[in-house]
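Computed from a predicted structure; not experimentally measured.
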Amino acid sequence: MIKLLIVEDELITRRGLMRHIPWKKIGVDMVETAESADEAFGICARWQPDIVLSDIKMRGMDGIEMCRQLRSLLPDCQIIFVSSYSYKEYLKAAIELGAIQYVEKPVVPEELIGAVEKGIERIEQIRAQKDLQESYTESLDFLKKEVLFSLLSTPGDVDKLECQLRKSGLWTGTDTRMRIGIVKLAGTVSEGREFLNTYREALHELMESAHFYCSADFHDKRTLILLITEARERLERDSGLIRSLCALAEESKGEFRHFLALGRMVGEPQQLYASYESACQSASSLSYKGFSSCAFFEEVAQDRHFELDREREEAFVNALSRRDKEEAGRILKDIYDDLTDQKAALNSSVKNMYFLLYNHVLRLEKELLSTGKEQKENNRFWDNAQTLQELHTFLAARAMEAIEEREKEGSGGNAVIFQVIEVMKQKYPDKNLCIKDLADAVYLTPSYLSGLFKRRTGTTINQYLTNLRIEQAKLLLRDNSLKLYHVADRVGYEDAAYFARIFKNQTGMTPSEYRENKSR
């Protein structure tokens with residue numbers, strides 16, 4: 001489609017041009033008119049014409065100055081000047097602006113038609129060149145993406161990979177070295193596409209586009225794969241380019257906060273997969289390094305089994321029970337520091353440690369009696385977390401919130417219930433503990449306390465005490481040195497068989513089955 005704008009302050013001339021030029025016949029699909037430069041600017045911004053046919057002498061801004069300003073807005077627009085004057089200054093300005101033709105008034109239709117047809121021919125040439133360039137760019141992009149496809153599975157055809165690298169322009173084979181980088185985004189998957197575009201723009205400022213290719217991972221849209229091909233000195237660890245790439249990660253903030261892992265520098269196409277593998281291995285160090293950092297191929301997280309220290313777990317539970325925020329925070333910080341010092345990978349054993357601690361916080365939250373609010377948690381957090389810091393920050397915040405809520409509840413009308421719960425937590429190993437003992441501790445009658453407890457908590461005192469004992473038994477069952485009757489005795493049951501029946505009723509497993517399941 002060809003669009004043409006007539007800028008002419010004389011009404012008779014505008015109408016004449018509209019009536020007497022066969023616009024459709026010569027290839028112009030749409031025509032609009034403007035009587036001043038100001039009106040023309042508004043139309044150009046909205047409509048973006050392909051050809052501007054403008055008078056030179058107009059009221060206000062003249063046609064020369066108007067078209068000079070339009071050049072920055074519409075660089076490919078073709079200009080035709082129409083004027084009653086043939087001053088050298090006008091002709092010179094028209095030439096400088098790249099005008100197609102300077103047509104004198106009165107307008108000869110054949111001369112104007114020839115100028116417009118010339119403009120249409122130029123527009124078609126420009127469009128063809130852009131289409132060709134776009135097709136070329138898409139072909140290069142496809143070839144570069146093919147290289148990455150080959151990298152993400154062990155390449156079997158080295159010759160094909162080398163051919164793809166050469167055709168894409170990423171590898172010349174002469175003193176060219178290559179590195180693979182893995183970029184991990186802290187933000188959400190929905191931000192992945194925007195981040196990819198932003199990251200590519202940042203790379204353009206550091207090197208020519210022919211020397212890198214960056215694409216989203218095929219499975220994880222928060223992960224980018226970066227292929228860099230440069231001279232050896234440009235890809236050395238202490239080179240300006242590599243330092244700049246690391247600085248991009250280290251200085252990243254907000255939704256585009258990210259982590260960069262760099263693989264080995266290699267010199268041959270068949271070695272690229274090794275560079276990719278080493279980048280993937282160093283990417284595991286994200287777990288303990290956190291976002292806004294970078295890692296090289298020597299830095300790898302320790303992917304082994306980690307287990308929560310039982311004493312620390314009990315200390316954390318006691319701190320929650322005592323509403324001791326400082327102690328609970330210190331314990332969580334010690335756990336986080338130990339895992340970081342050991343360069344722990346964020347595997348299932350580490351997540352299980354934090355989830356176990358989180359369950360203790362959830363139990364405290366369930367004891368909050370007056371609010372009756374539901375604690376809705378996004379379960380995907382545990383799957384999406386990528387760093388130890390995320391787990392630590394999340395758990396510490398929830399623990400502090402739970403303690404603060406409990407402090408608020410304890411200062412209100414539920415203080416008696418919390419006092420009874422504290423007594424049960426301290427005396428649950430006592431096999432003779434009964435409702436009368438609890439009622440005496442808070443100076444109430446057993447019947448009144450039983451009713452109050454049921455109304456406030458939704459459960460009976462006996463059921464609450466049973467739940468408490470079973471939860472403590474679960475902790476003790478992890479110690480294989482303890483016999484089952486020892487566990488029963490320590491949580492307040494004189495008869496081990498009776499304890500086993502109660503345990504199965506509560507958990508669906510016998511104590512032995514539970515122990516065996518946890519030891520796997």
Side-chain angles (χ1 to χ4, degrees), residues 1-138 204 209:
M1 175 179 286
I2 300 293
K3 297 180 287 187
L4 183 143
L5 172 64
I6 300 172
V7 187
E8 171 63 65
D9 60 352
E10 294 181 2
L11 178 61
I12 293 175
T13 303
R14 288 201 309 275
R15 287 179 175 175
L17 291 171
M18 290 292 291
R19 289 175 182 173
H20 300 299
I21 303 297
W23 299 112
K24 290 281 187 181
K25 187 176 180 180
I26 64 176
V28 177
D29 301 286
M30 299 177 68
V31 181
E32 286 203 20
T33 63
E35 62 178 343
S36 68
D38 287 341
E39 185 180 359
F41 285 134
I43 293 173
C44 287
R46 165 182 56 83
W47 196 53
Q48 297 187 340
D50 301 296
I51 302 173
V52 171
L53 175 62
S54 175
D55 191 10
I56 289 181
K57 293 290 288 184
M58 297 187 296
R59 291 182 294 275
M61 184 183 295
D62 65 30
I64 295 290
E65 181 57 31
M66 178 195 73
C67 288
R68 185 173 285 115
Q69 294 186 28
L70 280 180
R71 267 282 174 247
S72 60
L73 178 64
L74 302 170
D76 295 333
C77 182
Q78 304 303 303
I79 298 170
I80 301 172
F81 284 118
V82 178
S83 180
S84 303
Y85 307 90
S86 58
Y87 297 145
K88 287 184 178 180
E89 289 78 6
Y90 290 161
L91 292 172
K92 183 179 178 182
I95 292 171
E96 289 175 350
L97 286 169
I100 298 170
Q101 198 159 325
Y102 190 102
V103 179
E104 293 186 7
K105 293 181 180 179
V107 175
V108 177
E110 290 77 10
E111 184 179 359
L112 180 58
I113 288 171
V116 172
E117 288 176 339
K118 185 177 179 182
I120 293 173
E121 184 179 349
R122 283 193 184 179
I123 291 166
E124 290 174 344
Q125 289 174 351
I126 291 171
R127 289 177 178 176
Q129 288 175 348
K130 286 186 173 181
D131 289 343
L132 185 62
Q133 181 62 39
E134 187 175 331
S135 175
Y136 175 72
T137 302
E138 288 177 354
H204 273 291
S209 59

Identify all side-chain donor-acceptor contacts of residues 28-41 below 3.5 Å with residues at least two apart in sequence or on another chain.
{"unit_1": "Asp29", "atom_1": "OD2", "unit_2": "Ile2", "atom_2": "N", "d": "2.7"}
{"unit_1": "Glu32", "atom_1": "OE1", "unit_2": "Arg46", "atom_2": "NH2", "d": "3.4"}
{"unit_1": "Ser36", "atom_1": "OG", "unit_2": "Glu39", "atom_2": "N", "d": "3.2"}
{"unit_1": "Glu39", "atom_1": "OE1", "unit_2": "Glu35", "atom_2": "N", "d": "3.1"}

Return a table of donor-acceptor pairs under 3.5 angstrom between the side chains of residues 50-59 and protein atoms on other chains or two or more places apart.
{"unit_1": "Asp50", "atom_1": "OD1", "unit_2": "Arg127", "atom_2": "NH2", "d": "3.1"}
{"unit_1": "Asp50", "atom_1": "OD2", "unit_2": "Lys3", "atom_2": "N", "d": "2.8"}
{"unit_1": "Asp50", "atom_1": "OD2", "unit_2": "Arg127", "atom_2": "NH2", "d": "3.4"}
{"unit_1": "Asp55", "atom_1": "OD2", "unit_2": "Lys105", "atom_2": "NZ", "d": "3.4"}
{"unit_1": "Arg59", "atom_1": "NH2", "unit_2": "Asp9", "atom_2": "O", "d": "3.4"}

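Atoms CD1 and OH, on Ile79 and Tyr102 in that order, are 13.5 Å from each other to the nearest 0.5 Å. Taking CD of Glu104 as the start and OG of Ser83 as the end, the distance is 8.0 Å to the nearest 0.5 Å. Atom CE of Met18 and atom CD of Glu8 lie 13.0 Å apart (nearest 0.5 Å). Rounded to the nearest 0.5 Å, atoms CD1 (Ile21) and CD1 (Ile26) are 7.0 Å apart. Note that CG of Leu97 and SG of Cys67 are 6.5 Å apart. Values are rounded to the nearest 0.5 Å.
With sequence neighbours left out, the side chain to side chain contact (heavy atoms under 4.5 Å, CB included) criterion links Glu110 to Val108. For the side-chain hydrogen bond (donor to acceptor under 3.5 Å, both in side chains) test, residues two or more places apart in sequence or in another chain that qualify with Gln69 are Glu65. In this view, Leu11 and Arg14, Arg15 satisfy the side chain to side chain contact (heavy atoms under 4.5 Å, CB included) rule, not counting sequence neighbours. For Gln48, there are no side-chain hydrogen bond (donor to acceptor under 3.5 Å, both in side chains) partners at least two apart in sequence or on another chain.
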Verdict with supporting geometry, Cys44 and Leu74, side chain to side chain contact (heavy atoms under 4.5 Å, CB included): CA-CA 8 Å; Cys44 287; Leu74 302 170; 4.0 Å; yes
Trace of the side chain to side chain contact (heavy atoms under 4.5 Å, CB included) decision for Val82 with Leu17: CA-CA 11 Å; Val82 178; Leu17 291 171; 5.7 Å; no
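Contact annotation: the side chain of Val7 never approaches that of Ile43 to less than 4.5 Å [non-hydrogen atoms, C-beta and beyond].
Closest heavy-atom contact between Arg122 and Gly98: NH1-O, 3.8 Å.
Between the side chain of Gln78 and the backbone N or O of Asp76, at least one donor-acceptor pair lies under 3.5 Å.
Counting only residues at least two apart or in different chains, side-chain hydrogen bond (donor to acceptor under 3.5 Å, both in side chains) contacts with residues 17-26 are absent.
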